[in-house]
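Encoded as structure tokens, the structure appears first; notes follow it.
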Amino acid sequence: MKALVYHGPGERGWDTAPDPSIREPTDAIVRVDTTTICGTDLHILKGDVPEVKAGTILGHEAVGTVQEVGAAVTTLVPGDRVLLSCVSACGRCRFCKEGRYGQCLGGGGWIFGHLIDGVQAELARVPFADNSAYKVPDQLSDEQVLFLADILPTSYEVGVLNGAVSPGDVVAIVGAGPIGLAAILTARLYTPGLIVAIDLAESRLRSALSFGADVVVDNARENAVEKIMQLTGGLGADVAFEAVGVPDTFELATELIRPGGRVANIGVHGHSAQLHLERLWIRDVTITTGLVDTFSIPRLMRLIASGRLDPSLFATHRFALEDTMAAYDVFADAANTNALKVVLEGEARRTSASPREQASALA
Ligand SMILES: NC(=O)c1ccc[n+]([C@@H]2O[C@H](COP(=O)([O-])OP(=O)(O)OC[C@H]3O[C@@H](n4cnc5c(N)ncnc54)[C@H](O)[C@@H]3O)[C@@H](O)[C@H]2O)c1
Ligand SMILES: [Zn+2]
Ligand SMILES: [Zn+2]
């Protein structure tokens, strides 16, 4: 098969790799029909994630078709169309039993394209398939559910739920990349009073408006704290999300929060940030952190099926799977290409009508 292989910092190739095979009875082999690239893949390519060994196939977000299942897999059969979560779950350990799959102690967690081969490939081995692959209803296209593999549950679980967004809240979102934009979409499920998106890039601020932000702040040119104070009668935001992953934006999120407010950190941080406890201690502020668990995939999938959540705006570019190398170039140059998410389609998806198209053709 062909796959996108990491060859060490700065090096990647669209290589021939051995077809994966069942290793554990809980494995499934899935043909990848649709996949995408994450900002984390770019971090890996920069060498920021040293656990990823040269020779690893990248990618942790995909929709595919089950080809083969191990002897212990009981809920999937060949032919099933499934969403593969970025987080795998053994289903048996203490944390899996609490729905904290991201912290799995039994060999799951974020392993695809990290500790084991990932899904930017024609075929993938899916460990713990019963617990980690989600059947996709026929009426939903691959592209409609693809972003449930990572960005939507991340922003919903680590942002909206940890931040306890409530009706009427002023929600400030620092960073309007795919994660910040997914936070806008999923915060809207709770009818906030005002959504303020803060970013340095004009194109990202334009996207934020189209995803449903009420106000955007360019913090290269405006003072975001002053702006939030103006909008809230000097109090600050009820909830702030950090969706960048650098010290400055974490500190900004803690500065623009009201007394009693909640800061939900979503960004992945590589450096220590200042925690101004000398100013925060008296303000009853709650700060949360989190790695996505993806326990919310079924709920978010129902919202997509009922039309209450529409992730189609994320897909800005489409490529054939064999053009993954070019797709990386476009995704990595988002400042010029305005890419949010690139959709990579395998041959089977490009040559056959999608289930949704088949359904509408029959209607
Ligand atoms: N916690 C988790 O489980 C989890 C899961 C997935 C991703 N993440 C993290 O979420 C973060 C966001 O991901 P993404 O894919 O949207 O990243 P991204 O790089 O595409 O977007 C980040 C955005 O922040 C903006 N930005 C940079 N500096 C800024 C500043 N000083 N002020 C305001 N905006 C600024 C950029 O212009 C960009 O639009 C990353 O750190 C990523 O690793 C966390
Ligand atoms: Zn990711
Ligand atoms: Zn587990």
Side-chain angles (χ1 to χ4, degrees), residues 26 35-44 48-49 58-62 85-114 118-120 127-128 131-132 147 149-159 162 172-184 196-208 216-222 224 241-253 256 264-271 288-294 314 331-332 334-335 338-341:
T26 44
T35 181
T36 181
I37 306 171
C38 176
T40 306
D41 299 322
L42 301 182
H43 280 297
I44 294 170
D48 293 347
V49 191
L58 296 186
H60 50 261
E61 303 163 81
S85 166
C86 66
V87 163
S88 306
C90 82
R92 302 158 64 135
C93 73
R94 167 192 170 168
F95 290 127
C96 280
K97 286 183 174 172
E98 293 176 3
R100 287 185 187 273
Y101 310 132
Q103 308 294 333
C104 176
L105 298 168
W110 173 40
I111 54 175
F112 276 140
H114 179 209
V119 300
Q120 287 162 5
F128 311 118
N131 303 318
S132 314
F147 309 121
D150 182 347
I151 58 173
L152 285 164
T154 294
S155 299
Y156 178 60
E157 295 171 12
V158 186
N162 280 358
I173 302 176
V174 187
I179 293 288
L181 296 171
I184 295 174
V196 185
I198 302 163
D199 202 292
L200 305 165
E202 212 179 296
S203 67
R204 290 288 164 91
L205 294 173
R206 273 198 306 273
S207 299
V216 294
V217 181
D218 176 348
N219 68 328
R221 294 188 292 141
E222 297 172 83
F241 301 150
E242 198 287 341
V244 186
V246 300
D248 278 355
T249 47
F250 174 76
E251 286 174 43
L252 175 60
L256 50 73
N265 181 79
I266 313 175
V268 171
H269 292 263
H271 299 281
T288 60
T289 66
L291 168 69
V292 65
D293 294 307
T294 70
F314 284 112
F331 183 68
N338 292 339
L340 293 176
K341 289 295 266 184

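The basis for the numbers below is simple: all heavy atoms, side chains too, and nothing from hydrogens, waters or symmetry mates. Because the structure is a prediction, the values reported are computed rather than measured. For ligands, and for the atoms within them, numbers begin at 1 and follow the listed sequence. In what follows, residues are counted from 1 in the order of the sequence shown.
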| query | Is a side-chain donor or acceptor of Ser155 paired with a backbone partner of Ile179 at a separation under 3.5 angstrom? | reply | yes
| message | Is it the case that the side chain of Lys341 and the backbone of Thr36 share a donor-acceptor pair, with hydrogens and angles ignored and the cut-off at 3.5 Å? | response | no
| query | For Gly175, does its backbone N or O pair with a side-chain atom of Asp199 as donor and acceptor, under 3.5 Å? | reply | no
| message | When you measure from the side chain of Thr249 to the backbone of Val246, do you find a donor-acceptor pair of N or O atoms at a distance under 3.5 Å? | response | yes
| query | Is Thr294 reaching over with its side chain to a backbone N or O of Ser85, donor-acceptor style, under 3.5 angstrom? | reply | no
| task | Show your working on side chain to side chain contact (heavy atoms under 4.5 Å, CB included) between Phe128 and Cys90 and close with a plain yes or no. | result | CA-CA 6 Å; Phe128 311 118; Cys90 82; 3.8 Å; yes
| So, does Gln103 use its side chain to make a donor-acceptor pair with the main chain of Gly109 at under 3.5 Å? | no
| message | With rounding to the nearest 0.5 angstrom, report the CZ to SG distance, Arg94 to Cys104. | response | 13.0 Å
| field | Short side-chain to backbone donor-acceptor contact, Asp150 and Glu61, under 3.5 Å | value | no
| remark: Within a distance under 2.8 Å of the Zn ion (ligand 3), the protein atoms of type N, O or S are Cys90 SG, Cys93 SG, Cys96 SG, Cys104 SG
| request: Drop me the distance from Leu152's CG to Phe314's CZ, to the nearest 0.5 angstrom. | output: 5.5 Å
| Any idea how many protein N, O or S atoms are nearer than 2.8 Å to the Zn ion (ligand 2)? | 3
| message | Checking the side chain of Asn162 only, and the main-chain atoms of Thr288 only, is there a donor and an acceptor separated by less than 3.5 Å? | response | no
| query | Can you name the nearest heavy-atom pair linking Ala339 to Ala334, along with the distance? | reply | O-CB, 3.7 Å
| field | side-chain contact (heavy atoms from CB on, under 4.5 Å) partners of Asn265, counting only residues at least two apart | value | Glu242, Phe250, His269
Between the protein and ligand 1, which nitrogen or oxygen pairs come in under 3.5 Å, and how far apart is each?
residue, atom, partner, partner atom, Å
ligand 1, 1 (N), Ile266, O, 2.9
ligand 1, 1 (N), Gly290, O, 2.9
ligand 1, 3 (O), Val292, N, 2.9
ligand 1, 16 (O), Pro178, N, 3.2
ligand 1, 16 (O), Ile179, N, 2.9
ligand 1, 20 (O), Arg204, NH1, 3.3
ligand 1, 32 (N), Asn219, OD1, 3.3
ligand 1, 32 (N), Asn219, ND2, 3.0
ligand 1, 37 (O), Asp199, OD1, 2.6
ligand 1, 39 (O), Asp199, OD1, 3.4
ligand 1, 39 (O), Asp199, OD2, 2.7
ligand 1, 39 (O), Arg204, NH1, 3.0
ligand 1, 41 (O), Val244, O, 2.8
ligand 1, 41 (O), Val268, N, 3.0

